[in-house]
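Computed over heavy atoms, backbone and side chain alike; hydrogens, waters and symmetry mates excluded. Just so it is clear: chains get the letters A, B, ... in the order the sequence lines come, proteins before strands, and each one is counted from 1.
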Amino acid sequence: MDRDQHITQDAAEFYAVYLMAKTAEEMGVAILPHSKELWQEFVDYLAIAHRDWAISDFGSRYPAYKANADAQVPAFVQRLAVAFPGSKFAFEVDEARLRNLGKKADFILTIDEPSRTYAVSLKNYVGPGGVKRPQVSSGTFLSFAAGFVFERNGVGTYVDPRTPDTSFKGSNTKDRDAVLAFEGRADLAPLLMKLVDLQQHVRSRLLTLRYYDQAAVKGVVAEIVPQAQDTLLSVFDVLGHDVVRQKFLERANLDGGEDALYFDGLQFADSITNPRFRELYARINDPNTTFKVVKAGQSLRFSFEANGAVVVSADVPLTINTNGAWHRPKPPYQGKQLKVDKGVPVELEWGEIRPRKSKEIATSTNLYLDLAAAGVFGGS
DNA sequence: CTGTCAATAGTGACGTGGTT
DNA sequence: AACCACGTCACTATTGACAG
């Protein structure tokens, strides 16, 4: 994704929240008229130093983000008004603060009566099908496991139970092991260390390649994935079924702690007004619903089932993120090209290793939630 | 040709170690 | 002791590959 698209995407969150407030005002269901302030936040975001975008750039460079918001956001507010008759609403962008707290939400919805707030994750998909199978979390092998073992309170950081109100980084082996020892769970330490070792192995095997070699990467993937699957399943065995289930629900944004507003140009699913989402939450928590984790190809598959049918499932493919280690833009080129590698200009052939960025090769996990199969869109 | 599974590259946060 | 440059880690939405 290029820079313009990234800016458009971030700006689209401000725009969507502005549009919510504007719609609420027009419908007479705004707690306070505050769309002007939200519009200003949107404009400020576009105009921020060294960016200098005009409002028209937002709608022209990657038009789908604005078009999707225009198509879906007013209808969301209308659904709110139906779901909470007589209530009024307010909206605020709070993405950065919430993300740094390890939350997924992008904006806060306030309802006056009954008085409460909702932290909502907004996903505005441009590509086809994304909304049907949203990616709700990602990380490295270690951070994926650590999310089940520890209490997450930020990106890659966790609550340190040894001292109140402090955090530790999951990547810090000394702290990680000390926390586990403190909690009497030292049996988890070698399992987490194994995941660290797999990442070290990936680096030592791939950093020697001057040119990108897909077969070599796939070879290393094939080596590490079965080990990672077994290690993660061992972690889950030690933690126990109930802990894994609860942590999975948190991670998949299915525990009810935060809400969702996912849409593309054609489809939407929001967890606040959609009864199918409510039914999904209810079925997940039904005592007759079972939860399991199994290996499925390169993935771990998490699934809830009732009466022999899948209620909801999620796949977590385990792979390597080469993280831009080799410079191979499209289309390929002949000769050498100047590339700024972590701030340092270097002359590179197509497919040649970037001296600095290559240090960031890492193990990789993504959690894809099969929302379409869960029936929240009205099909299947 | 499409759906499914997998892989990608840029980026922000944070820690660390060097320099004044 | 404060600052800052730099490296590492983790995270996201999108694109790619390939089977059927």
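- At the phosphate of B/dG10, OP1 or OP2 sits under 4.0 Å from a side-chain N or O atom of A/Arg354.
- The side-chain heavy atoms of A/His34 and A/Glu25, taken from C-beta on, include a pair separated by under 4.5 Å.
- Here A/Lys218 does not reach the OP1 or OP2 of C/dC18: none of its side-chain N or O atoms lies under 4.0 Å away.
- Using a 4.0 Å cut-off, some side-chain N or O of A/Thr322 falls inside it from OP1 or OP2 of B/dA9.
- Rounded to whole angstrom, the span from the CG atom of A/Asn172 across to the P atom of B/dT16 amounts to 7 Å.
- Side-chain atoms of A/Gln135 come within donor-acceptor range of the base of C/dA13, with a qualifying N/O pair under 3.5 Å.
- If you take OH of A/Tyr368 and P of B/dG3, they are 17 Å apart, rounded to a whole angstrom.
- At whole-Å resolution of the value, OH in A/Tyr158 and P in B/dA13 are 17 Å apart.
- For an aromatic pair to be called close, the ring centres must be under 6.0 Å apart, and A/Phe144 with A/Phe148 satisfies this.
- For C/dG7, the OP1/OP2 oxygens have no side-chain nitrogen or oxygen of A/Arg203 closer than 4.0 Å.
- In this structure, A/Gln9 places its CD atom 13 Å from C1' of B/dA9, rounding to the nearest Å.
- Residue A/Arg133 is in base contact, counting any heavy-atom pair closer than 4.0 Å across all strands shown.
- Atom NZ in A/Lys169 sits about 13 Å away from atom P in B/dA13, given to the nearest Å.
- Salt-bridge formation is not detected for the pair A/Arg152/A/Glu250: no Lys NZ or Arg NE/NH1/NH2 atom is positioned less than 4.0 Å from an Asp or Glu carboxylate oxygen.
- Base engagement by A/Lys357 is indicated by at least one non-hydrogen atom pair under 4.0 Å involving a base atom.
- In this structure, A/Asn366 atom CG and B/dA7 atom P are separated by 10 Å, rounded to whole Å.
- Heavy atoms of A/Lys132 sit nowhere under 4.0 angstrom from any nucleic acid atom.
- Checked against the 6.0 Å centroid threshold, A/Tyr15 and A/Phe58 count as a close aromatic pair.
- At a threshold of 4.0 angstrom between heavy atoms, the contacts of A/Glu360 include nucleobase atoms, whether or not backbone atoms are also involved.
- Under 3.5 Å, the side chain of A/Lys342 and the base of B/dT11 form no donor-acceptor pair of N or O atoms.
- At the heavy-atom level, A/Val217 lies nowhere under 4.0 Å from the strands shown.
- When the C1' atom of B/dT11 is taken as reference, atom NZ of A/Lys359 falls 18 Å away, rounded to whole Å.
- Using a cut-off of 4.0 Å between Lys/Arg side-chain N and Asp/Glu carboxylate O, A/Lys359 and A/Asp341 are scored as not salt-bridged.
- Across all strands, A/Lys174 comes closer than 4.0 Å to no nucleic acid atom at all (heavy-atom distances).
- For A/Thr140 and C/dC9, the shortest distance from a side-chain N or O to OP1 or OP2 is not below 4.0 Å.
- A/Tyr212 comes within contact range of the sugar-phosphate backbone alone, with a heavy-atom separation under 4.0 Å but no base atom that close.
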